[in-house]
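Following: one structure in structure tokens, then a few remarks.
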Amino acid sequence: MTCEGCKGFFRRSVTKKIVYECKFNKCCHIDTFMRRKCQYCRLKKCVEQGMRMDLVLPEELNKTKREAKAAGSGSHLCSSESPNSLSEMKLSYMEGLSPEISELIKRTTLNNNNNFWPTDADLASISVILKFKIF
DNA sequence: CTTGTGAATATGACCTAT
DNA sequence: TATAGGTCATATTCACAA
Ligand SMILES: [Zn+2]
């Protein structure tokens with residue numbers, strides 16, 4: 001649940017993978033006025049309040065979706081290299097990982113119900129996960 | 001060092017889609 | 001119906017000339 005402003009801000013931030021920077025101490029007070037003054041702290045608060053980046057359609061997938069729609073009725077000529085599903089896309093990030101890490105990621109993000117999300121303890125035990133852009 | 005101006009970016013209220 | 005992406009007028013920031 002969020003306002004339209006933060007909804008748009010969050011979506012733009014995630015899809016474009018923008019990395020903001022706080023000009024102060026990463027602890028700016030965010031309200032309807034100040035939210036426009038520090039994007040870093042705004043995004044930080046969005047996450048703190050529970051907004052999840054994994055609920056934003058990754059740009060790469062969104063692109064194939066748009067292309068499919070733009071193609072109109074004739075759904076031919078679809079020789080795109082882009083992934084056709086979230087699972088397919090996430091799998092491309094699995095290459096080169098140890099089987100243990102790979103399995104852990106699969107179990108926590110690919111096949112299970114939408115409500116499951118790793119706890120801080122889970123994340124701490126697999127800091128390697130932070131390397132993935134999609135997170 | 002101020003001010004004006006137009007381009008580039010970001011925002012958010014409203015809309016559409018599933 | 002709930003929630004996510006799309007739209008685009010408006011607002012803000014930026015670059016640079018005067
Ligand atoms: Zn800040």
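Reminder, nothing fancy here: chain letters follow the sequence lines and each chain counts from 1. Given the structure is predicted, the values throughout are model-derived calculations rather than measurements.
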Under 6.0 Å from the ring centre and within 45 degrees of the ring axis: does the NZ or CZ of Arg42(A) meet both conditions for the six-membered ring of Tyr20(A)?
no
How many Å lie between [atom1] on [X] and [atom2] on [N], as a whole number?
X	N	atom1	atom2	value
Leu61(A)	dT18(B)	CG	P	16 Å
Arg42(A)	dA10(B)	CZ	C1'	10 Å
Lys16(A)	dA8(B)	NZ	P	15 Å
Phe33(A)	dA11(C)	CZ	C1'	13 Å
Phe9(A)	dG6(C)	CZ	C1'	19 Å
Glu4(A)	dA13(B)	CD	P	7 Å
Arg35(A)	dA10(B)	CZ	P	16 Å
Gln39(A)	dG12(B)	CD	C1'	14 Å

[X] side-chain N/O to [N] phosphate OP1/OP2 under 4.0 Å:
X	N	answer
Asn62(A)	dG6(C)	yes
Arg12(A)	dG5(C)	no
Arg11(A)	dG5(C)	yes

Does Val56(A) or Arg36(A) map to a spot on DNA chain C nearer the 5' end, using the closest nucleotide for each?
Val56(A)
Assign each of Lys37(A) and Met1(A) the nucleotide of DNA chain C bearing its closest heavy atom; nearer the 5' end lies the nucleotide of Met1(A)
If you count the non-hydrogen atoms of other residues, nucleotides and ligands that lie under 6.0 Å from CD in Glu21(A), is the total more than 12?
no
For the CG atom on Asn25(A), are there more than 12 heavy atoms of other groups (residues, nucleotides or ligands in this structure) within a distance under 6.0 Å?
no
Shared ILVMFWY cluster between Tyr40(A) and Ile30(A), side chains joined below 4.5 angstrom?
no
Would you say Met34(A) and Phe9(A) are hydrophobically clustered, going by side-chain heavy atoms of ILVMFWY under 4.5 Å?
no
Base dG12(B) to side chain Lys7(A), donor-acceptor N/O within 3.5 Å cut-off
no
